[in-house]
Every structure is written in C-alpha cells, then in structure tokens.
Peer 1: 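A single structure is presented below for examination.
Residue numbering restarts at 1 for every chain, and letters A, B, ... go by the order of the sequence lines.
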2 protein chains.
Amino acid sequence: MSWTISDIRTFLAVLDAGSISAAAARADLSKSVVSKRISDFEAALGVALFTRHAGRIAPTDSAFALAERLRPALADLVAATESVAGPEAPLRGRLAVAGPMSFGLRHLGPVIAGFARAHPQLEVVLDYDDQLTDLGRSGFDVALRIGWLRDSSLIARRLCEDPHALVASPDYLARHGPILSPADLAGHEAIGYLNARLSEIWPFGPEVAPPRQGRITANNGDAMRDLAIGGLGLALLPLFIVHDALRDGRLVRILPDLPQRRLPVSVVWPPTRPMPRKTRAFIDHIADAFAEDPPWQRGV
Amino acid sequence: MSWTISDIRTFLAVLDAGSISAAAARADLSKSVVSKRISDFEAALGVALFTRHAGRIAPTDSAFALAERLRPALADLVAATESVAGPEAPLRGRLAVAGPMSFGLRHLGPVIAGFARAHPQLEVVLDYDDQLTDLGRSGFDVALRIGWLRDSSLIARRLCEDPHALVASPDYLARHGPILSPADLAGHEAIGYLNARLSEIWPFGPEVAPPRQGRITANNGDAMRDLAIGGLGLALLPLFIVHDALRDGRLVRILPDLPQRRLPVSVVWPPTRPMPRKTRAFIDHIADAFAEDPPWQRGV
DNA sequence: CGCGCGCGTTCGCAATATCCGAACGCGGCT
DNA sequence: AGCCGCGTTCGGATATTGCGAACGCGCGCG
C-alpha cells in the first residue's frame, strides 16, 4: 500500500485543524474519508501518527516530526510543478492567504476578489485567523500582518500604516474617572488581547506606562471593541475597528494628542527561491491596492 | 484537474526511458495508461512536456527543467515518509540498486536476495546497466561501481578490489603476432568499451602505453569477452568475466606479470541527511557479504 | 447518576477514476 | 507498397474513492 498526495495533505490538515471533524469540514469532505485517509497513511508508513481514545485523536511525536519534513518537501514539489509554466501562461494552482480576521473581513475582500477575477485558473484560499503565527503551517503562501514583525525569516513589504486608538466608553469614564494625563492610566484596566500582550503592541513609547491588563480578554478586535463599548475597560484597537464607534460617540478617544508610532500593515511571505509567480503577482496586486491611503485614515 | 505522485513518477520514468512504450514496459503498465498519465500531467500543469510527431515523442525544454526540480523534491518527500518509522520498525518503501550488468548478474543476486528476504516489506529494484552514470536519475538509492570514481559528490565505501586481465584468443595472437613486452602492445588493437575510454580504466600505469582502440566496441563486458574469444582484438576485462575462458583456454592472458592497480569495487550513495535507514541497512549488508575475498579472486 | 453530545471508526453502496486491450493513424525502413 | 513500432483514443471491466448511516466511547451538564 502506498501513500498519495491527498494522504499527505489530509494528514497536514488534520494536524493543523486538531481533529478529523474540523479538517473534514474545512476540506468539504466527509469525516469517514478523512478518517480513512489517515488510517491508510499510517498503514503505508507503518507508524501511528495519532493516538485514539474515546472518539478523540491526539498527534504522536512522529506526527510532528513527519510534518516538519513533509511541509517543505511538499512545498518544493508544488513549486516545481508551478514553475514550469512560462511567464505568459495563466497562473494556476493554489494561493493561500492568511490574515487577521477583522482586517481581512473589512479590507481584503474586494482586493482579493479583484485578484481572483484577474486569474481565473488560480484557486485562492483565504484564512482569517487572529492567532496565526506560523506561516509554516500547511499551505500558506502569503500573510497579512499588523504590527512589528517578530519572525525575521520572512520577507516583508509594508503596505501602509495602521494607527491605533486608545478608547473607552463614556459610561466607563463616568464610573472610573477621567484620564487627563498619561499618569492617570495607572488607575485603569485595559481589555486584553489574547494573541499579544499589551506591552508588545503599545505604540506610545516606553515613557508612557500602559494601563494594567484587566480580567477581560478576547481574541478578536471587534469583540474587544464591543466589550469596550460595554464599559468593561480601556481598549487599544486599530482605527479601522473603532472608527464608526468614535464617530457616533459610543467610544471616546483617550489622550488623542499623544504621539504614537503607527503600526505597520505588511504582507509577508517565505523566502522561497525562485519566488513563485503567483506569489509575486499577488504581492504586486495588493501593493497597488494599498498604494493610496486607506479610507479609514482619511479625515482622522 | 490536479496531478498525482503517479503522474510525476511516470513523467520521470518516460524521460529516463526515452519513450512511452519503454517506460510502460519497465513499470509493467499498458502504454495507454502511461500515455494518459503524461497527457493528464501536461493538462494539470498547463504546459507541453513532450512534442508528438508521427507516433514519437520528444521532451521539451520545460520537461528537463521540471525534472531537475521534481527529482530532489520527490526524493525529499519519499525520504520524509520513510524517516518516520522508529529504528526497530521493519524497513519499508522502495530501494533501488544500480550496478554494472555482468557484475550484478554474477555476484549481486544472492547478496541482494538475502537482503530482500531479511526485509520482507521492502520493495527492492535492481537496475543493471553498464551505462549508468547519473545516480540522480529517478529512484536510485545506491549503486555498485567498478573503477575509480569520477563523481566526488557521492559517498563511497569500497567493498573489494577487482583485478583486470588483458586477454586475447590464441587464434588472434597467431594471426597478429605474440605480445612479449609492453612495447608490443602498440601494434595491436583493443576491443573498446562503449562506456569508458581504455585510458580511463587502464590499470598498468602511465608508463605502459595501452594498445589503440579498435573499430569494435561493445557496451557490455560479456559481449567484449565473446568478441575477444572471436579473435577481434585484445580486451581489458575484469577477472570475474574472463575467469572461465582463461581456464579452458579460449582466452590467454597478455603480460600476466605486469604489475597493476586493482580496480576498486565500491558501493556509492548520495549524501542525503539523515541517511535513510534502508540505505544504511543495505550498505552494511553488502559490506558484510564482501568482507571475505570473492570467489573469483581465490586461486588467481 | 443518567442523558445528550461530539468525536472517530466501520460498513455497504453508489459514483468516479483507473487500467486494459483493441483499433487507428503516422512516419520510417526494407 | 507493405510492415513495423510508436503514441492516441475509446469502450468496457475493474478498482478506488467518497458518502451517509450506525455504532461505541468518554465527557460534560442538569
């Protein structure tokens, strides 16, 4: 019994998704197909990749070790098959784009729709996930990132800058006291962001101490905005998320004149040589799209 | 339409074999299957890999470029899947062994049969071909080589040494005159070896000039021996090929006391890291098998 | 403590893909 | 001119794949 590319892709998908059911849902396959592919793959390799207990699976150490080698090998294979078409040949294959949820939903849709229309034979996959930290996960070609980059192994191109706003609801300030200077921040709590510590994304410089992180956290910017509107604390959020709430008064800006370092919005990709044509095309496309200031920055 | 591992393997096989019919024969598939896989692969990639004319195919430049990238990528994928089994797991997968035709037929059969019996889940492929020069051709894991190695990118382990004999038939010597000293060689012709120039494998050192290469050449040692027996010239051949013909007088040794550098017999493999377990196991096995002098060297 | 839930596995069945052999057209060789 | 070997195409048989239902398991909740 031998393995197939589908077996490998399915294995990596299950590892990423954490369960057969989730991987099946993502791949639009039935659970039985995914389950069988995993079993067949294990039989072909002669090793258990997952342990089974009470209708749950857990990856083995072998699974992680195998994935570590399969991902680049599969990427090379795919890159090889996609490299062979001439420069004028239509783009084909599969381009996976990752990005933050709120940013993606708001600003990437039309841009990527335009790109997909321009390349009808290219399969485009969007995966919006605020927790995304590892471009090495199976199948991603490019990612959008907000903030200063931690992973220096990736190549980055800055698209624009994203100012943040420290906000609170009027109700919150009425109950907890106004904030008239940076020193006043110490007496307040901020709604936490599950995927990054406040100090990591604090844009006002080290001389302004951030408020302490409160007992409320969320893993999504829109959720944090809603919690802030509900009066549960201060929130440091991208302007594009709070723009409307600021305009209609549900939130107010805290210390709006404080100078800040704007957070960059970048597209990043792994340093594959030669660069796949589809990756080049996408990066050029999105750079063009962001060449002028985004709408949420006009008038602020 | 997407491609499969079978498509890739079939493409590389056709490139190696030079025709769909030959590749089909080698793979024990029908011509129509191989033809369809090539067509499907071309459709999936959106590029022509072969040109067709009057029932013949020829590879395009794209085919060579693609193969150059697919071979290592496929090898990485296979290595990854084979790396995952623990050290005590039975060897599985596919081990391809290349070697010279005559040597392989005579001396490798029992050795490799023993190895195959010890590892019942491992598929073993033997490819005896005197012209084999490129271990990079698809699918070879190890090769046996006779002679000094040209390709320093391979790792070699010497198994034994292989003396050669310069021989001729009594009839040839009766017609062309005896050879009493090295200087007499100049007046004679040697049957050529299609895969190596005589000067490349001449074991008697530069101070002994080889005879000139004649109009008769062959690509196989046994064929050269038979041509020598037929009186068509001198032949420089491994002892294991001419051993029996020397014993029964059909050939006689020329200048048998001339000191020579024995040609090494080595097993070679590419420097893959980590070394596949199957490759390690095979090399150890064949080194053990050749640890004592081979039978054709006893009594000479 | 009992029930409902979500998970993964297995099985039978239908749909799809794969493989084979025959037939055909092409150009080269005798 | 006829034969040969090549690659392509097609219809049919076979094998594989994918699906949904049913089941057993342990966990969490009331």
Peer 1: Under a 4.0 Å threshold between the charged nitrogen and the carboxylate oxygen, would A:Arg37 count as salt-bridged to A:Asp40?
Peer 2: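 No, A:Asp40 and A:Arg37 are not salt-bridged.
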Peer 1: Please name all residues satisfying ring pair (Phe, Tyr, Trp, His ring centres under 6.0 Å) with A:Phe282, sequence neighbours left out, ordered by chain then number.
Peer 2: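 Residues passing ring pair (Phe, Tyr, Trp, His ring centres under 6.0 Å) with A:Phe282: A:Phe115.
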Peer 1: My understanding is that only residues two or more places apart in sequence, or in another chain, count here; which of them pass salt bridge (charged side-chain N to carboxylate O under 4.0 Å, His left out) with A:Asp226?
Peer 2: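 Here no residue qualifies.
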Peer 1: Going by salt bridge (charged side-chain N to carboxylate O under 4.0 Å, His left out), name the pairs with one or both residues in residues 54-66 of chain A, residues two or more places apart or in two chains.
Peer 2: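 For residues 54-66 of chain A, and leaving out neighbouring residues, there are no salt bridge (charged side-chain N to carboxylate O under 4.0 Å, His left out) pairs at all.
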Peer 1: Kindly list each side-chain donor-acceptor pair under 3.5 angstrom involving residues 72-81 of chain B, sequence neighbours excluded, with atom names and distances?
Peer 2:
| from | atom 1 | to | atom 2 | distance (Å) |
| --- | --- | --- | --- | --- |
| B:Thr81 | OG1 | A:Trp3 | NE1 | 3.4 |
| B:Thr81 | OG1 | B:Val78 | O | 2.8 |

Peer 1: In sequence, state the C-alpha distance, the side-chain angles, and the governing distance for B:Ser30 and B:Ser32, and then conclude on side-chain hydrogen bond (donor to acceptor under 3.5 Å, both in side chains).
Peer 2: CA-CA 5 Å; B:Ser30 73; B:Ser32 49; 3.0 Å; yes
Peer 1: Using a 4.0 Å heavy-atom cut-off, write out nucleotides 15-21 of chain D from 5' to 3' as B (base contacted by protein), S (sugar-phosphate only) or - (no contact).
Peer 2: ---BBB-
Peer 1: What range of DNA chain C does chain B touch, first nucleotide to last, counting atoms under 4.0 Å from its heavy atoms?
Peer 2: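 It runs C:dC19 to C:dG27.
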Peer 1: Just verifying a value: how many Å separate A:Asp141 CG and A:Thr279 OG1, rounded to the nearest 0.5 Å?
Peer 2: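 Atom-to-atom, A:Asp141:CG and A:Thr279:OG1 are 5.0 Å apart.
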